[in-house]
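Shown next, in structure tokens, is the structure this report addresses.
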Amino acid sequence: MPGYLVRHTKGQQGDVLIEDPGLHVSFLRGWVVFTQGEPHTEGGTVVLALPTEQVASVQRVDDTPEATAEE
């Protein structure tokens, strides 16, 4: 499942981990915008928008399914 760890700049509190199977991130005119569904389409819905001056970094952190061994 796609996930993104948003680290805030100094002076801001709490990092945010946002996860969803249909999650997409865009960087638009001073904003970090997370959408459900493809961005810039009729089905894309904004889930979270943060001003870039409050964001230090955005890191993608996908869950990797643990390998299961069959015996």
Side-chain angles (χ1 to χ4, degrees):
M1 168 173 356
Y4 295 90
L5 178 61
V6 179
R7 296 194 185 272
H8 288 94
T9 58
K10 291 182 180 179
Q12 302 294 319
Q13 293 186 343
D15 297 336
V16 175
L17 177 62
I18 181 170
E19 298 177 297
D20 193 270
L23 191 63
H24 295 274
V25 64
S26 302
F27 301 90
L28 306 166
R29 297 184 205 128
W31 290 88
V32 180
V33 180
F34 295 91
T35 57
Q36 172 68 34
E38 289 292 327
H40 311 297
T41 64
E42 197 170 303
T45 303
V46 174
V47 176
L48 177 67
L50 300 166
T52 55
E53 64 266 4
Q54 294 180 7
V55 176
S57 67
V58 176
Q59 178 183 0
R60 187 165 175 155
V61 287
D62 294 344
D63 288 338
T64 55
E66 295 180 357
T68 56
E70 291 184 25
E71 296 182 27

Is the shortest heavy-atom distance from the side chain of Val6 to the side chain of Val32 under 4.5 Å?
-> no

How would you list, by chain and number, every residue that makes a salt bridge (charged side-chain N to carboxylate O under 4.0 Å, His left out) with Asp15, sequence neighbours excluded?
-> Arg7

Apply salt bridge (charged side-chain N to carboxylate O under 4.0 Å, His left out) to Arg60 and list each qualifying residue two or more places apart in sequence or on a separate chain.
-> Asp62

For the pair His8 (side chain) and Gly14 (backbone), establish whether a donor and an acceptor sit closer than 3.5 Å, ignoring hydrogens and angles.
-> yes

Which residues satisfy the side chain to side chain contact (heavy atoms under 4.5 Å, CB included) test with Ile18, sequence neighbours excluded?
-> Tyr4, Leu23, Phe34, Val47, Leu48

Sole candidate of Val46, Val25, Asp20 that passes side-chain contact (heavy atoms from CB on, under 4.5 Å) when paired with Thr35 | Val46

